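Please read the structure below before turning to the comments.
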Amino acid sequence: MAEVSLTLPDGAVRKYEAGITGAQVAADISKSLGKAAIACAINGAFSDLSIPINADSDFAIYTNKDEPQALELFRHDAAHIMARAVQELWPDVQVTIGPVIKNGWYYDFDRDEPFHEDDLKAIEKKMREIINKREPIRTEIWDRARAIQFYKDNNEPYKVELIEGIPGDEDLRMYWHGDWQDLCRGPHLAHTGQVPGDSFKLMSVAGAYWRGDSNNKMLQRIYGVGFRNKADLKAHLFMLEEAEKRDHRRLGKEMNLFHLQEEAPGMVFWHPNGWELYRILQDYMRRRQREDGYLEINTPMVVDRKLWEASGHWEKYRENMFTTEIDDQHANDKRTNALKPMNCPCHVQVYNQGLKSYRDLPLRLAEFGSCHRYESSGSMHGLMRVRGFTQDDAHIFCTEDQIASETKKFVDLLKRVYMDLGFSEFKIMFSTRPEVRGGTDEVWDKAEKYLEDAVKKLDMPYTLDPGEGAFYGPKLDFKLTDAIGREWQLGTLQADFVLPERLDAEYIGEDGQKHTPVMLHRATLGSFERFLGILIENYAGKFPLWLAPRQIVVAAIVSDADEWVHEVVARLKAKGLRAEADVRNEKINYKVREHSLGKVPVILAVGMREVEDHTVSMRRLGEKGSKVLGIDEAVEALVAEATPPDMK
RNA sequence: GCUGCCGUAGCUCAGCGGUAGAGCACUCCCUUGGUAAGGGAGAGGUCGGGAGUUCGAUUCUCCCCGGCAGCACCA
């Protein structure tokens, strides 16, 4: 019998007969390890314990304690166990795929009857039964023909389709526990009992298209979350509750910022508090852009379809545009207009007024452009995805040689803005030509090259995202990370060599000849609506003083202090602070609670002591105690704190 | 757009084939209280819209609108 030598992570070498399995090695090392082992690595490749080892290898054992591997296996096996549970409960169900995702897994099923949330409990129960059986998980390697025949015999057409879609003629790995079988790349645990039965939970049922294609049948997807132990599961569920508390739709209601209603789906009704916040942000952006040489313009919201035809949007995005038809009596005809879905064609119209010289470039035209897009009903979500929104948009008309310096300038602006608004981290994605696109390959070669040069000169890391460019040009996207670790794609910079030409933008170069400028589409926040949604969630509504729509409430403790309350409010307002008086017939406890729930950052409580001493008792949101300050001292401190970062 | 669920007072929600209820908010009265809910009284609803079944529909069925969770889409 041939011998294999296995090198363990600590450098020790053990010799076994060829064909020994990982499980046997683990048991040989120690009895407890034999029990604890859940999988192994053979020459670094994640593998089942049951696979025979026939060559000298590096060898490592994984147990419950090995974080990424253990989680991967638990979730993966839980997905399979869930599929088995579902098939045991409803034998007519066909199984498809069930991958591991962040925090858990899902599995897609085909069944005529819909699953209901109540069914999840029954499935969970069945899963625990399967786990408690501690059945060994077996694997075999089959050739394609045999596997296809097997699934045809078992009436599992989705599996047949999956196998037929796997390229090449590689053999397939088949897994079993009990009588239940699935096709899988593996690896898996040694037995079902290794899945922690008390630290998973089925979360929801939802539709999902077979293979992610909306032309295909919609299947039913069940989502689960799973962890190594109960405490981790509890922590995760707690985190979900916390995330729900900072949901901008909820906070928007609690802080009285905005509302949405049936008559205008996807269009925001901003309330005074919300609009204050909106304007604070817009004023800030306006100052930052002015500082950077942008010229602010404003262009029409309703524009004849001819312009959209010329720009190419009509052909590609007609379905998503709001249109209006009016009878034009003079032309004796109907005119079709579209609500602008974006600002660029209009900006080119402004550019085109008057002959431009190379001396005019770069020309940076900015607009807080109000746009409308007919988003599909299912995609709308609070402020995050709406049908009416305002972009902090700008188009930089420049020469090819200016692309790099303008990109640098823009990224510097982004950094400043994101920092000021409380985001310290962002990533850059570089997206290249998509399959459906405007312009020739020659133009794309050029656009990609210039933009790549520009991003390289930034001296910042970036990730390539092939095929994700805009239809008129390659782009850089800027993704930032919020306070609870979620990523949001915000800023964008798109190099466009196509649209200026389509819309006849030109300039006279140094050589006296006409040239077509390059157009850089760029946005920092994206849309104000979406950004405010993100901002609300990032701060959980507890804005820094300069952003808070309601900054200070001055609350009377006794009604004899009302006069002093009004005077304090007047002094704060005179310094530009957003202050309100609360002289209602309520106790201070009540007022403090209410304004704390309303996320007002500063409460100045005023009783007879403060009246006599000309002081205020300052309480900060989220803090327990209060601090008595002289009025002048308090005003000065608040003014300093409330000054926007760009004005300090 | 697709699948599933949901739509009752300003808000959060209970109810359910016989014509509607709670807490908070609101209005008034009492209370002047020192940092997260003082007490009492009152007012408030074509039960998302339309059609059908029924003696009778907020409740059952169908259609439409809107929302939620996913999927698809996102210039």
Side-chain angles (χ1 to χ4, degrees), chain A residues 106 108 113-119 203-223 247 249-250 253-254 256 259-266 308 311-321 340-345 371 373-382 384-386 391 434 436-438 468-473 475 489 492 494 496 499 521 526-527 530 555-562 583 585-598 603-610 617-628:
Chain A
Y106 65 78
D108 288 347
E113 282 286 296
F115 290 116
H116 295 283
E117 304 275 325
D118 313 341
D119 296 330
M203 303 298 284
S204 60
V205 194
Y209 296 109
W210 168 236
R211 301 199 139 180
D213 184 338
S214 59
N215 296 313
N216 289 343
K217 183 169 183 182
M218 182 156 275
L219 306 171
Q220 299 189 64
R221 176 172 297 178
I222 300 179
Y223 285 92
D247 187 310
R249 291 167 299 185
R250 177 182 176 140
K253 219 172 255 175
E254 288 173 6
N256 195 10
H259 85 270
L260 296 149
Q261 70 182 49
E262 258 190 64
E263 287 78 359
W308 308 112
S311 70
H313 291 100
W314 189 263
E315 193 194 352
K316 191 153 194 299
Y317 295 107
R318 165 79 193 85
E319 293 289 293
N320 295 304
M321 287 161 81
K340 74 174 167 189
M342 54 182 358
N343 306 297
C344 29
C371 298
R373 294 179 187 174
Y374 188 81
E375 299 287 357
S376 66
S377 57
S379 67
M380 290 189 291
H381 180 88
M384 301 297 195
R385 186 93 174 261
V386 287
Q391 292 178 318
V436 184
R437 57 179 181 263
E468 292 300 313
F471 91 105
Y472 47 69
K475 62 176 180 172
Q489 188 189 306
T492 183
Q494 308 170 353
D496 184 355
L499 201 60
H521 305 242
S527 95
R530 178 162 175 272
I557 296 170
V558 293
S559 50
D560 284 345
D562 288 1
V583 293
N585 176 17
E586 296 291 352
K587 290 197 174 185
I588 193 65
N589 287 313
Y590 183 95
K591 295 180 183 181
V592 165
R593 176 180 154 83
E594 192 178 271
H595 297 126
S596 298
L597 290 173
I603 298 173
L604 301 180
V606 166
M608 289 320 287
R609 290 205 293 275
E610 286 75 15
S617 168
M618 188 187 295
R619 182 199 164 100
R620 313 291 310 221
L621 180 60
E623 285 175 21
K624 271 272 167 263
S626 59
K627 203 162 121 192
V628 176

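Labels below follow one simple rule: chain letters A, B, ... track the order of the sequence lines, proteins then strands, and each chain is numbered from 1. From a predicted model like this one, the values you see are computed outputs, not experimental measurements.
- Across all strands shown, A:I603 has no heavy atoms under 4.0 Å from either base or sugar-phosphate atoms.
- When all heavy atoms are compared, the tightest approach of A:F115 to A:I222 is CD1-CD1, 4.1 Å.
- Separation of the P atoms belonging to B:rG1 and B:rA37 is 46 Å when rounded to the nearest angstrom.
- Contact annotation for A:H381: backbone-only contact, meaning every heavy-atom pair under 4.0 Å involves sugar-phosphate atoms and none involves a base.
- Side-chain contact between A:P114 and A:V205 is absent, with no heavy-atom pair separated by less than 4.5 Å.
- Contacts of A:H116 with the nucleic acid, taken as non-hydrogen atoms under 4.0 Å apart, involve only primed sugar atoms and P, OP1 or OP2.
- Below the 3.5 angstrom threshold, one finds a donor paired with an acceptor across the side chain of A:Y209 and the base of B:rG1.
- The distance between atom CG of A:N589 and atom C1' of B:rG39, rounded to the nearest whole Å, is 15 Å.
- Contact check, A:R211 against B:rC71: no side-chain N or O comes under 4.0 Å of OP1 or OP2.
- Side-chain atoms of A:R318 stay outside donor-acceptor range of the base of B:rA75, with no qualifying N/O pair under 3.5 Å.
- Side-chain atoms of A:S214 lie closest to B:rA72 of the nucleotides B:rU35, B:rA72, B:rA69.
- Between A:K591 and B:rG33 there is no side-chain polar atom (N or O) within less than 4.0 angstrom of OP1 or OP2.
- Atom CE of A:M321 and atom P of B:rA75 are 14 Å apart (whole Å).
- At a cut-off of 3.5 angstrom, counting only N and O atoms as typed in the model, there is a donor on one side and an acceptor on the other between the side-chain of A:S376 and the base of B:rA72.
- In this structure, the nucleotide among B:rU35, B:rA75, B:rC71 sitting nearest to the side chain of A:A208 is B:rC71.
- Residue A:G625 is out of contact with every strand shown, counting any heavy-atom pair closer than 4.0 Å.
- Comparing the C1' positions of B:rA20 and B:rU8 gives an interatomic distance of 8 Å, to the nearest angstrom.
- Atom OH of A:Y209 sits about 10.0 Å away from atom CG of A:N216, to the nearest 0.5 Å.
- Within a 6.0 Å sphere centred on CD of A:E319, heavy atoms belonging to other residues, nucleotides or ligands number 12 at most.
- Going from the C1' atom of B:rG44 to that of B:rC24 covers 14 Å, rounded to whole Å.
- Listed candidates were B:rG70, B:rU35, B:rU32. Nearest to the side chain of A:A206 is B:rG70.
- A:Y106 has its OH atom 14 Å from the P atom of B:rG70, to the nearest Å.
- Across all non-hydrogen atoms, the minimal contact from A:R249 to A:H381 is NH1-CE1, 3.3 Å.
- As judged by a 4.0 angstrom heavy-atom cut-off over every strand, A:P341 is placed among the base-contacting residues.
- A straight line from CD of A:E586 to P of B:rG33 spans 15 Å, rounded to a whole angstrom.
- A donor-acceptor contact under 3.5 angstrom links the side-chain atoms of A:R385 to the base of B:rC73.
- The side chain of A:S204 has B:rA69 as its nearest neighbour among B:rG66, B:rA69, B:rG33.
- Taking atom C1' on both B:rC47 and B:rU58, the two are 4 Å apart, rounded to the nearest angstrom.
- Taking the C1' atom of each, B:rG34 and B:rU27 are spaced 28 Å apart, rounded to whole Å.
- A gap of 29 Å separates the C1' atoms of B:rA9 and B:rU54, to the nearest Å.
- Stacking of A:F471 onto the six-membered ring of B:rA75 is not present when judged by under 5.5 angstrom between centres and under 30° between planes.
- Taking 4.0 angstrom as the limit, A:Y590 places none of its side-chain polar atoms (N or O) nearer than this to OP1 or OP2 of B:rU32.
- Remark: the separation of the C1' atoms in B:rG45 and B:rG21 is 11 Å, to the nearest Å.
- The side chain of A:M218 has B:rC71 as its nearest neighbour among B:rC71, B:rA36, B:rG66.
- Among the atoms of the strands shown, only primed sugar atoms or phosphate atoms (P, OP1, OP2) are found under 4.0 Å from some heavy atom of A:K624.
- The listed nucleotides are B:rA75, B:rG70, B:rU35; the one nearest the side chain of A:Y472 is B:rA75.
- Between B:rG1 and A:S377, a contact under 4.0 Å exists linking OP1 or OP2 to a side-chain N or O.
- Separation of the P atoms belonging to B:rG56 and B:rC71 is 46 Å when rounded to the nearest angstrom.
- Of the candidate nucleotides B:rU32, B:rA37, B:rC73, B:rA37 has the atom nearest to the side chain of A:R593.
- No side-chain heavy atom of A:F471 sits under 4.5 Å from any side-chain heavy atom of A:Q494.
- Look at A:H595 and you won't find any side-chain N or O under 4.0 angstrom from OP1 or OP2 of B:rU35.
- Between A:K253 atom NZ and B:rC68 atom C1' the separation is 11 Å, expressed in whole Å.
- Picking from B:rU35, B:rG34, B:rC74 the nucleotide with the shortest atom distance to the side chain of A:R609 gives B:rG34.
- Among the candidates A:V628, A:I588, A:L604, the single residue satisfying the side chain to side chain contact (heavy atoms under 4.5 Å, CB included) test with A:S617 is A:V628.
- In RNA chain B, the stems built from three or more successive Watson-Crick or G-U pairs (distances below 3.5 Å) are B:1-7 with B:65-71, B:10-13 with B:21-24, B:26-30 with B:38-42, B:48-52 with B:60-64.
- For the pair A:P341 and A:R373, the tightest heavy-atom approach, listed with the atom from each and the gap, is O-NE, 2.8 Å.
- Taking atom CE of A:M203 as the reference point, atom P of B:rC68 lies 18 Å away to the nearest angstrom.
- Among the protein residues, A:N320 comes within range of the nucleic acid bases, having at least one heavy atom under 4.0 Å from a base atom.
- Residue A:E610 places a side-chain atom within donor-acceptor reach of the base of B:rG34, judged by atom type and a 3.5 Å distance cut-off alone.
- Shown here for A:H521 and A:L499, the closest heavy-atom pair between the two residues is CE1-CD2, 4.2 Å.
- When the C1' atom of B:rC2 is taken as reference, atom CD of A:E375 falls 16 Å away, rounded to whole Å.
- Here A:E254 contributes atom CD and A:N256 contributes atom CG; the two are 11.0 Å apart, rounded to the nearest 0.5 Å.
- When rounded to the nearest whole Å, the span between CD of A:E594 and P of B:rG38 equals 11 Å.
- Atom CE of A:M342 and atom CH2 of A:W308 lie 7.5 Å apart (nearest 0.5 Å).
- At B:rG4, none of the side-chain N or O atoms of A:R221 fall inside 4.0 Å of OP1 or OP2 (strictly under the cut-off).
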